[in-house]
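This report refers to the structure that appears directly beneath it.
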Amino acid sequence: MTAETLFASLQLSVPELILAAGAMVLLMIGVFSSERSSTPTVTGLAVALLIIAGLWLVLNTGEGEAYGGAFLSDPFAKFMKVLALIGSITAMVMTVGHARSTQIDRFEFPVLLVLATLGMLLMISANDLISLYLSLELQSLALYVVAAINRDSIRSTEAGLKYFVLGALSSGMLLYGMSLVYGFTGHTGFDEIAVALTTEGRSLGLVFGLVFILAGLAFKISAVPFHMWTPDVYEGAPTPVTAFFAAAPKVAAMSILVRIVINAFEPVVADWQQIIVFISIASMLLGAFAAIGQRNIKRLMAYSSIGHMGYALVGLAAGSMAGVRGVILYMLIYMIMTLGTFACILAMRRKEGEHVENIDDLAGLSQTNPFMATALTILMFSLAGIPPLAGFFAKYFVFVAAIEAHLYALAIIGVLASVVGAYYYLRVIKVMWFDEAKGEFARTAGELRLVFGLSGLFVLGYVLIGGPLGSAAEVAARTFF
């Protein structure tokens with residue numbers, strides 16, 4: 001690599017360099033500052049770092065390959081990176097007032113979130129199996145620690161251990177799949193794999209490799225049958241951590257799933273399409289039916305997340321530009337709805353300081369906190385896919401893409417699963433508006449009110465701003481076609 005190509009590569013990866021260098025500096029600040037003052041300082045600087053990286057992505061127009069083709073900067077990568085950064089920034093801001101009460105007021109917490117976000121950005125831009133694995137592990141290792149960061153809580157420790165054990169298993173499957181693909185194509189670069197599949201055709205061993213790779217990535221988006229960790233980790237991890245898990249990492253994992261099937265394995269579309277269709281149907285159905293009996297709202301959101309990943313995969317199964325555009329918009333809308341809902345869950349705190357998580361604790365919220373009840377109602381209706389809210393348009397785009405690709409059965413099953421799933425969202429609304437109040441929550445923190453207020457506003461006003469967002473998503477989707 002010459003000095004010119006190295007300089008060009010560094011220019012394309014400035015946001016990642018900002019986060020990498022910034023995380024090291026934050027670590028030093030945390031170590032050498034007094035324990036009491038270090039956490040707020042490091043958290044504030046971490047948010048500033050993420051904002052600077054996001055602004056660079058928005059303002060800088062540079063595109064191309066870097067580091068010998070292992071790293072890619074294109075419209076799709078930029079759009080999804082900005083989305084992941086918004087998710088990380090929002091989740092970090094939401095933790096500010098709750099760090100002490102949830103036992104995560106350690107300076108290591110924001111540093112780990114920055115490192116996890118760095119892994120996500122690298123993963124979104126990965127154009128090689130090796131760079132994909134390294135970025136995935138950087139993100140995962142930080143998330144394993146974050147899940148168990150409350151060492152005094154048995155639930156949190158158990159959540160971290162379960163996530164680590166199952167995550168290690170999924171990483172092993174992913175690596176095994178990569179080694180098979182490399183063995184049968186002789187390449188690790190996505191473009192070279194696509195060329196090899198076009199010229200030489202597919203073999204049985206390569207299909208096995210593809211299956212293992214998709215299995216490893218399906219774990220990261222918590223798609224069935226690799227969803228087992230999700231309800232336990234969502235419930236056991238501190239709520240601010242769960243809010244982070246539910247948003248940005250899902251965007252990054254779905255991005256690399258899109259890139260690897262549409263780019264590297266495009267010549268064997270018939271093979272991966274069957275796998276995506278299966279995990280999509282399984283995720284939609286399990287997400288719809290398993291959530292019905294849930295009483296804990298975090299577990300409910302875990303099964304809701306599994307179902308929503310299934311809906312997003314409907315667009316990917318189509319394998320078309322309309323399908324990829326649908327996936328991009330779905331992840332955007334899903335992330336905003338989820339962050340807003342978790343802001344409401346974080347606000348579920350009694351005046352005595354106790355955090356509550358049962359759906360029944362929301363009883364009579366419309367009388368005690370009408371603003372929060374209204375925002376959560378809008379978000380629940382949107383998650384259920386009720387028109388004309390944003391959640392309806394998210395599902396509409398992916399179902400239309402599936403119909404255009406003649407995947408009629410998939411679209412019909414998706415619509416039926418949506419109808420079933422609407423039940424448990426409507427139950428939350430019924431508890432808030434029609435049940436007798438059990439007590440009042442403590443005053444809601446300003447940052448939480450801002451998050452669920454803006455989320456509700458976005459969901460409600462999507463009809464007005466959907467055009468520009470759809471155009472941006474189309475530009476990002478055109479990267480592959």
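Quick note: numbers below take in every heavy atom, side chains included, and nothing from hydrogens, waters or symmetry partners. Position 1 is the first residue of the sequence; numbering continues from there.
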For residues Leu313 and Met254, determine if any side-chain heavy atom of one lies less than 4.5 Å from a side-chain heavy atom of the other. yes
Might you point out which heavy atoms bring Ala147 and Tyr163 nearest each other, and give the distance in Å? CB-CD2, 4.4 Å
Within a reach of under 6.0 Å around CZ of Phe441, are more than 12 heavy atoms found that belong to other residues, nucleotides or ligands? yes
If you measure from OH on Tyr133 to CD1 on Ile213, what distance do you get to the nearest 0.5 Å? 12.5 Å
For residues 216-228, run the donor-acceptor check on the side chains, cut-off 3.5 Å, and write out each pair with its distance to 0.1 Å, sequence neighbours left out.
| unit_1 | atom_1 | unit_2 | atom_2 | d |
| --- | --- | --- | --- | --- |
| Lys220 | NZ | Ser140 | OG | 3.0 |
| Ser222 | OG | Lys250 | NZ | 3.3 |

Using a strict 4.0 Å threshold on nitrogen-to-oxygen distance, state whether Glu357 and Arg349 make a salt bridge. no
More than 12 foreign heavy atoms under 6.0 Å from CD1 of Ile154: is that the case here? no
Looking only at the aromatic ring of each residue, does the gap between the centers of Phe371 and Phe452 stay below 6.0 angstrom? yes
Would you call Lys162-Glu235 a salt bridge at under 4.0 Å N-O? no
So is Arg325 actually on top of Phe397's ring, under 6.0 Å and inside 45° of the axis? yes
Keeping Ser366 on the side-chain end and Met432 on the backbone end, is there a donor-acceptor pair under 3.5 Å? yes
Any Ser283 side-chain heavy atom under 4.5 Å of Met309 side chain: no
For Thr341, run the side chain to side chain contact (heavy atoms under 4.5 Å, CB included) check against Val451, Val428, Leu383, Ile297 and tell me which one passes. Leu383
Distance check, rounded to the nearest 0.5 Å: Phe212 atom CZ versus Leu174 atom CG? 11.0 Å
Electrostatic pair Asp361:Arg350 at N-O distance under 4.0 angstrom: yes
What do you reckon, is CZ of Arg443 surrounded by more than 12 foreign heavy atoms closer than 6.0 Å? no
Describe, in one word, how the ring planes of Tyr234 and Phe342 are oriented to each other, choosing from parallel (under 30°), tilted (30 to 60°) and perpendicular (over 60°). perpendicular
Got a second to check how far Lys298's NZ is from Tyr303's OH, nearest 0.5 Å? 14.5 Å
Looking at every non-hydrogen atom in both residues, tell me the closest pair between Ser280 and Leu410 and how far apart they are. OG-CD1, 3.8 Å
Donor + acceptor pair across side chains of Tyr334, Ser305 (<3.5 Å): yes
For Phe164, look at atom CZ and say whether over 12 heavy atoms of other residues, nucleotides or ligands are found less than 6.0 Å away. no
Taking every non-hydrogen atom, the tightest pair across Ser125 and Ala77: OG-CB, 3.8 Å
Closer than 4.0 angstrom, basic N to acidic O: yes or no for Asp360 and Arg427? no
Glu16 side, atom CD; Ile18 side, atom CD1 - distance, nearest 0.5 Å: 9.0 Å
How far apart are the closest heavy atoms of Leu26 and Val111, and which atoms are they? CB-CG2, 3.9 Å
When rounded to the nearest 0.5 angstrom, what is the spacing between CE in Met123 and OG in Ser135? 6.0 Å
Check whether the side chains of Tyr425 and Ser304 place a donor and an acceptor atom closer than 3.5 Å, and report yes or no. yes
Give me the atom names and distance for the closest heavy-atom approach of Ile328 to Leu83. O-CD2, 4.5 Å
Heavy-atom closest contact (Leu389 atom, Ser382 atom, distance): CD1-N, 3.6 Å
Return the CG to OG distance between Leu376 and Ser455, rounded to the nearest 0.5 Å. 11.0 Å
Picking from Asp74, Thr479, Asn127, what satisfies side chain to side chain donor-acceptor pair (under 3.5 Å) with Arg259? Asp74
Would you kindly check if the NZ (Lys) or CZ (Arg) of Lys395 is within the cone defined by 45 degrees around the ring axis of Tyr311 and under 6.0 Å from the six-membered ring centre? yes
